[in-house]
Trainee: 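Following this message is one structure expressed as structure tokens.
Heads up: numbering here begins at 1 and tracks the sequence.
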Amino acid sequence: MSGVTSTGWPWGSAGWLNEWRPLITRAGDNGLPVSWPAASLLASLPVHLGFAQGALLRDGDQVYYFDRPADLAPSMAGLYANVIPVSVGVYREADVLDLPPGVLAVYEEKTYLETTKIRLNGATSAANVRQEPSLDRPVVGIIERTESITAYGRTTDNLWLLIAYQKQFGWLAADLVAPDPALSLLPTEAVLEAMVEDLPQAQPAAVVEKQSVEPGPVYCSSVPIRGFGQVWGEHPEIQATLNCPSGNEQGTKAAVQIFERGLMLWLEADSVYRSDPVYVFFEDGNYQRFGNLGPADPAKVGAIPTGFSPVGDRFGKVYWEGTGAQVKEHLGYALGPAQDTAGAFQQFYNGRMFWTEALDRIFILYDYYYYDENDDYIQVRSWLSYEDTF
């Protein structure tokens, strides 16, 4: 990108302590003249426009989509941010923030957006994920409105989005997704052709393995307390995998039910998912999360063998009506009735911790992704639990 000569360096200003210092230094080392903004761009954008991952910015006559990693702090995210030119007609003028000329010169300019986070729109509670971009192709699973989804590409006609679903790729109808100007910047089928030829196959959720080298301590601005703090502090592998807390511990109402090969957990609505999530923990270390779908259709409730308990109302629809995850087939039958209980949870950068009074156990849920040595996308979604000895 073209830039303009710097108007000076604010050595004594508070604005210096932000992501711009290493970026401008790097740009200067490369011989690129850039201007200096009055305040931190990354710090001001979420307040100004409410974007979680990016924003629409005008530098001169060109509008760009400013893309930054959503899971990094602003001081780090700036080092990995880039900008993508946006065509006229795919954005609202009210969403564009005008910047002084040359401000965006420090960021790398790309031709398309590699990934973006999406959610189902307000009129869609759940949607099918299909094997190929067509309503005639097989369904590989179901996603719900409460889930955050990563989109990797789109069809040329913009009718379908390529998404990651349970360690495989699938296609989601674009009209079921909340509007976002970023969707038009994803690569099309032509760009994705090489990747589509070798899509990863579905496989069980990864379980965190013991590392050959003992992980070192994680330094956080705040740490968990009570039972969560004890488990987090005494198990370096959990500390290294969950990383730091991204929120405080919160009390909540809960319900649990134990099955032959796992358990189901319901939590009252929380600040992260904004709905009552139902978690299904399978004995193989995998888990699934659903919205609170409520009681099952009585016509679809099957017979309960002697010696087993009916499925609780909060879990009935997920259990009996089929969700693509074969919950009933994996869990078996309930060993006892559903129990209402007190609970607590805490969010971390790479997952969550739960506690329920009825079971008096602390559950660790890993939920994150990474790219392996072959640059393949790996989604980690697994769980384990410990007795609460606090």
Side-chain angles (χ1 to χ4, degrees), residues 204-210 215 218 223-273 276-290 292 308-316 318-319 325 327-328 330-368 380-390:
V207 177
V208 176
E209 300 177 354
K210 293 184 179 179
V218 176
V223 297
I225 59 176
R226 293 189 286 272
F228 290 168
Q230 182 173 327
V231 172
W232 187 84
E234 292 180 353
H235 296 84
E237 71 281 4
I238 293 177
Q239 192 175 129
T241 306
L242 278 181
N243 209 305
C244 298
S246 58
N248 297 323
E249 180 180 332
Q250 300 180 51
T252 183
K253 295 178 181 178
V256 296
Q257 189 164 19
I258 307 298
F259 292 78
E260 293 178 282
R261 295 183 295 277
L263 65 115
M264 299 183 78
L265 167 69
W266 167 86
L267 293 178
E268 193 174 43
D270 63 62
S271 59
V272 177
Y273 296 119
D276 299 347
V278 172
Y279 288 87
V280 183
F281 300 107
F282 302 110
E283 64 178 358
D284 63 0
N286 187 16
Y287 76 89
Q288 289 285 332
R289 177 176 54 79
F290 304 89
N292 183 19
F308 296 101
S309 299
V311 178
D313 286 346
R314 291 191 177 97
F315 307 129
V318 170
Y319 182 86
V327 171
K328 180 172 72 69
H330 282 101
L331 286 183
Y333 294 101
L335 300 178
Q339 303 177 64
D340 290 328
T341 182
F345 69 90
Q346 187 166 10
Q347 189 74 20
F348 292 76
Y349 287 121
N350 291 330
R352 312 186 103 193
M353 297 182 80
F354 291 127
W355 168 82
T356 62
E357 186 176 39
L359 301 179
D360 203 23
R361 295 192 69 83
I362 291 175
F363 294 85
I364 289 79
L365 276 68
Y366 295 131
D367 189 357
Y368 64 97
V380 177
R381 243 190 177 187
S382 57
W383 71 278
L384 61 158
S385 71
Y386 292 86
E387 182 182 359
D388 183 14
T389 57
F390 173 74

Trainee: Using a 4.5 Å cut-off on heavy atoms from C-beta on, say whether the side chain of Val327 contacts that of Gln288.
Mentor: no

Trainee: Considering only heavy atoms from C-beta outward, does the side chain of Ile225 approach that of Glu249 to under 4.5 Å?
Mentor: yes

Trainee: Would you check if Phe363 and Arg352 make a side-chain contact, meaning some heavy-atom pair closer than 4.5 Å?
Mentor: no

Trainee: Rounded to the nearest 0.5 Å, what separates atom CD in Gln339 from atom OG1 in Thr356?
Mentor: 8.5 Å

Trainee: Could you pull out all residues at least two apart from Asn248 that satisfy side chain to side chain donor-acceptor pair (under 3.5 Å)?
Mentor: none

Trainee: If you measure from CD1 on Ile362 to CG on Leu384, what distance do you get to the nearest 0.5 Å?
Mentor: 11.0 Å

Trainee: Check whether any side-chain heavy atom of Trp266 sits under 4.5 Å from a side-chain heavy atom of Phe315, and report yes or no.
Mentor: yes

Trainee: Determine, stepwise, if the pair Val231 / Met353 fulfils side-chain contact (heavy atoms from CB on, under 4.5 Å).
Mentor: CA-CA 10 Å; Val231 172; Met353 297 182 80; 4.0 Å; yes

Trainee: As an exercise, state the distance from CZ of Arg289 to CZ of Arg381, rounded to the nearest 0.5 Å.
Mentor: 5.5 Å

Trainee: Between Lys253 and Leu267, is there a side-chain heavy-atom distance shorter than 4.5 Å?
Mentor: no

Trainee: With heavy-atom distances below 4.5 Å as the criterion, would you say the side chains of Leu242 and Tyr366 are in contact?
Mentor: yes

Trainee: Taking the side chain from Trp232 and the backbone from Asn243, do they hold a donor-acceptor pair closer than 3.5 Å?
Mentor: yes

Trainee: Could you walk me through whether Tyr349 and Gln347 pass side-chain contact (heavy atoms from CB on, under 4.5 Å), step by step?
Mentor: CA-CA 7 Å; Tyr349 287 121; Gln347 189 74 20; over 6 Å; no

Trainee: Determine whether the aromatic ring centres of Phe281 and Trp383 lie less than 6.0 Å apart.
Mentor: yes

Trainee: Report, one line per pair, each donor and acceptor closer than 3.5 Å where one atom sits in a side chain of residues 254-265; sequence neighbours left out.
Mentor:
unit_1: Gln257; atom_1: OE1; unit_2: Gly312; atom_2: N; d: 2.9
unit_1: Gln257; atom_1: NE2; unit_2: Pro310; atom_2: O; d: 2.9
unit_1: Gln257; atom_1: NE2; unit_2: Gly336; atom_2: O; d: 3.0
unit_1: Glu260; atom_1: OE1; unit_2: Tyr333; atom_2: N; d: 2.7
unit_1: Arg261; atom_1: NE; unit_2: His330; atom_2: O; d: 3.0
unit_1: Arg261; atom_1: NH2; unit_2: Glu329; atom_2: O; d: 3.0

Trainee: Evaluate the side-chain proximity of Pro245 to Phe228: yes if any heavy-atom separation is below 4.5 Å, no if none is.
Mentor: no

Trainee: Are Val380 and Asp367 packed together at the side-chain level, in the sense that at least one heavy-atom pair is separated by less than 4.5 angstrom?
Mentor: no

Trainee: Taking Thr341 for its side chain and Ala358 for its backbone only, find out whether a donor-acceptor pair lies under 3.5 Å.
Mentor: yes

Trainee: About how many Å separate CG of Asp360 and OG of Ser385, when rounded to the nearest 0.5 Å?
Mentor: 11.5 Å

Trainee: Do any N or O atoms from the side chain of Asn350 and from the backbone of Thr241 form a donor-acceptor pair under 3.5 angstrom?
Mentor: yes

Trainee: What about Tyr279 and Phe354, are their ring centers closer than 6.0 Å?
Mentor: yes

Trainee: Any salt bridge (charged side-chain N to carboxylate O under 4.0 Å, His left out) involving residues 239-248? Give me the pairs, sequence neighbours left out, ordered by first then second residue.
Mentor: none

